[in-house]
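Working notes for the structure below.
So you know, we letter chains A, B, ... as the sequences are listed, proteins then strands, and number each from 1. Computed from heavy atoms alone, side chains included, the values below leave out hydrogens, waters and symmetry copies.
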Protein chains: 2
Amino acid sequence: MRPLGLLSLMLLAAGCRPEAPALELTTWPPAGYEVLDLSYAYNDSTIYWPTAEGFQLRIDHRGYTEAGYYYEANTFCTAEHGGTHIDAPVHFAEGKWSVDEIPLTRLMGPAVVIDVSEKALANRDYQIQVADLEAWEATHGPIPEGAIVLLRTGYGQFWPDRTRYMGTDARGPEAVPQLHFPGLHPDAARWLLENRRPKAIGIDTPSIDYGQSTRFETHQLLFAANVPAFENVAHLDRLPPRGTLLIALPMKIQRGSGAPLRILALVPTPRT
Amino acid sequence: MRPLGLLSLMLLAAGCRPEAPALELTTWPPAGYEVLDLSYAYNDSTIYWPTAEGFQLRIDHRGYTEAGYYYEANTFCTAEHGGTHIDAPVHFAEGKWSVDEIPLTRLMGPAVVIDVSEKALANRDYQIQVADLEAWEATHGPIPEGAIVLLRTGYGQFWPDRTRYMGTDARGPEAVPQLHFPGLHPDAARWLLENRRPKAIGIDTPSIDYGQSTRFETHQLLFAANVPAFENVAHLDRLPPRGTLLIALPMKIQRGSGAPLRILALVPTPRT
């Protein structure tokens with residue numbers, strides 16, 4: 001046996017695989033990884049669906065109190081489905097998980113990034129096809145079972161410009177037919193569910209169904225299978241196609257159909 | 001050199017320490033750990049400070065639409081500082097981090113749990129002392145630099161009974177003097193800052209200052225040092241004194257003085 005073979009065997013026997021980064025919970029974030037924040041901040045510019053009011057922050061106090069100490073506090077109001085947020089399955093599927101019922105283990109794990117930005121930037125109404133998933137797999141290997149599948153359309157670069165991001169700056173129900181942004185085709189959603197069983201789907205647009213959808217079939221398909229969606233995910237351009245760990249923690253709203261979502265990615269740093 | 005010494009050296013050279021659990025990002029949650037949710041859900045019973053309104057959820061739609069598909073959506077209003085939430089340093093320290101400015105790396109890492117429940121349950125106005133921290137260290141070793149320090153008073157068991165949890169069920173400014181629950185003494189906060197430099201402090205009560213505080217000195221001390229606080233943290237009774245990894249992700253409110261916080265703990269499972 002060659003020395004290198006012996007080393008590998010010893011490492012394996014110790015539960016250590018030298019070909020993958022070994023981590024310890026005592027060192028966090030783990031060496032060799034950097035933390036990226038994939039959530040947009042909530043503010044006056046945060047993008048909501050045309051029928052929803054925007055984010056509203058009321059300043060309750062900001063300044064020194066009579067007792068002499070400094071104090072700030074606010075109250076806020078928001079629709080569940082604005083900004084970087086999660087759609088819980090019950091959003092479009094009766095009796096499925098509300099946001100507080102989704103097991104946390106379904107909201108974290110290895111992520112893959114399917115980049116369709118070239119096609120989607122050329123066509124605002126693009127729907128991601130099964131062929132796009134197959135093309136990704138031909139280059140990067142199979143999407144692992146239980147992965148979090150992130151869809152990069154390239155529209156994240158337009159945030160928070162409503163017109164460029166989703167096709168219209170108009171508000172109210174009459175603006176909904178003017179929405180134009182890419183999404184995941186129901187056939188591709190079905191293919192993922194049947195063949196790759198993802199934990200969750202994320203996208204850098206306001207919705208996993210494209211802007212022109214009227215029946216939200218991709219929502220219906222995914223949510224009937226209790227697969228939640230992350231929408232308005234930020235900075236997908238900074239992630240590699242695979243090798244990322246995603247941790248997405250929503251505000252725990254009892255019986256919520258969705259919630260503001262804080263998403264972080266642990267991304268391998270290039271070795272120097 | 002003994003064979004075991006050689007193995008250790010080779011493992012170390014490969015970045016692998018056999019005495020600690022080795023993890024890989026491709027397996028998540030990591031083998032040997034379970035995920036615990038340390039956040040309470042937001043609902044009608046969620047506990048807020050006596051001067052704040054409670055959590056308000058407005059149902060915008062719940063049922064089948066005219067188009068034939070099922071649909072739920074809600075809007076909610078909340079004070080930043082109710083339920084399981086984070087206090088950003090700017091809450092009590094002018095110019096320090098607002099919630100969106102706190103680096104995510106300051107909100108995750110190894111956690112220790114200081115259990116003072118015996119003393120605190122015997123005295124609602126108990127303030128955790130330097131001696132309590134020293135006693136913990138005498139048993140468990142030094143609190144690691146940069147740890148997240150969780151303070152277990154035992155009052156979490158009373159959630160959501162306002163009277164038992166915080167001493168009063170009354171509302172409004174006149175109820176504030178009736179608050180009785182334990183907290184962290186300013187001297188102990190100062191000791192932690194000077195000697196152990198924690199990333200953050202968490203507690204299973206409504207506030208890191210005890211209920212009878214009028215100047216909130218522990219808040220002022222910690223926040224001047226940009227150390228945020230987690231309040232109303234759930235289920236601290238389920239964590240070991242050390243060996244836990246904590247990940248706490250707040251809603252990203254621009255210029256927020258605090259925010260709803262989703263906290264998870266990765267806890268080693270007993271080996272069978």
*Quick one: are the ring centres of B:Tyr70 and A:Phe92 less than 6.0 Å apart?*
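Judged by ring-centre distance (under 6.0 Å), B:Tyr70 and A:Phe92 do not meet the cut-off.
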Flag side-chain contact, heavy atom, 4.5 Å: [X] against [Y]:
{"X": "A:Asp37", "Y": "B:Lys252", "result": "yes"}
{"X": "B:Met108", "Y": "A:Val35", "result": "yes"}
{"X": "A:Phe55", "Y": "B:Ile253", "result": "yes"}
{"X": "B:Gln220", "Y": "A:Tyr69", "result": "yes"}
{"X": "A:Met251", "Y": "B:Phe76", "result": "yes"}
{"X": "B:Trp28", "Y": "A:Ile247", "result": "yes"}

*With a cut-off of 6.0 Å (strictly less than), are more than 12 heavy atoms of other residues, nucleotides or ligands near CZ of A:Arg215?*
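Count over threshold, so yes.
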_Sidechain-backbone polar pair: A:Arg262 side chain, B:Leu249 backbone, donor-acceptor under 3.5 Å_ =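 No, the answer is negative, given that no donor and acceptor are paired below the 3.5 Å cut-off.
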*Anything under 30° is parallel, anything over 60° is perpendicular, the rest tilted; go ahead and classify A:His91 against B:Tyr71.*
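Ring orientation, 0 to 90° scale: tilted.
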What part of [X] lies closer than 4.5 angstrom to a heavy atom of chain B: side chain, backbone, both or neither?
{"X": "A:Ala73", "answer": "both"}
{"X": "A:Thr214", "answer": "backbone"}
{"X": "A:Pro144", "answer": "neither"}
{"X": "A:Glu53", "answer": "side chain"}
{"X": "A:Phe223", "answer": "neither"}

*Contact origin within B:Arg242 toward chain A - heavy atom pairs under 4.5 Å*: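 Neither; nothing under 4.5 Å.
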Minimum heavy-atom separation for [X] and [Y], please, with both atom names.
{"X": "A:Gln254", "Y": "B:Ala41", "value": "OE1-CB, 3.8 Å"}
{"X": "A:Gly256", "Y": "B:Asn74", "value": "CA-ND2, 4.1 Å"}
{"X": "A:Thr105", "Y": "B:Pro29", "value": "CG2-CG, 3.6 Å"}
{"X": "A:His81", "Y": "B:Glu72", "value": "NE2-O, 4.2 Å"}

*How would you list, in number order, the residues of residues 94-104 of chain A that have a heavy atom less than 4.5 Å from chain B?*
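If one takes a 4.5 Å heavy-atom cut-off, the residues of residues 94-104 of chain A near chain B are A:Glu94, A:Leu104.
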*asked:* Between A:Thr84, A:Asn43, A:Thr65, who has the most heavy-atom pairs with chain B when the cutoff is under 4.5 Å?
replied: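 When all of A:Thr84, A:Asn43, A:Thr65 are compared, A:Asn43 has the most.
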*When heavy-atom pairs shorter than 4.5 Å are enumerated against chain B, which of A:Leu57, A:Thr78, A:Asp87 gives the highest number?*
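Max contact count across the listed options: A:Thr78.
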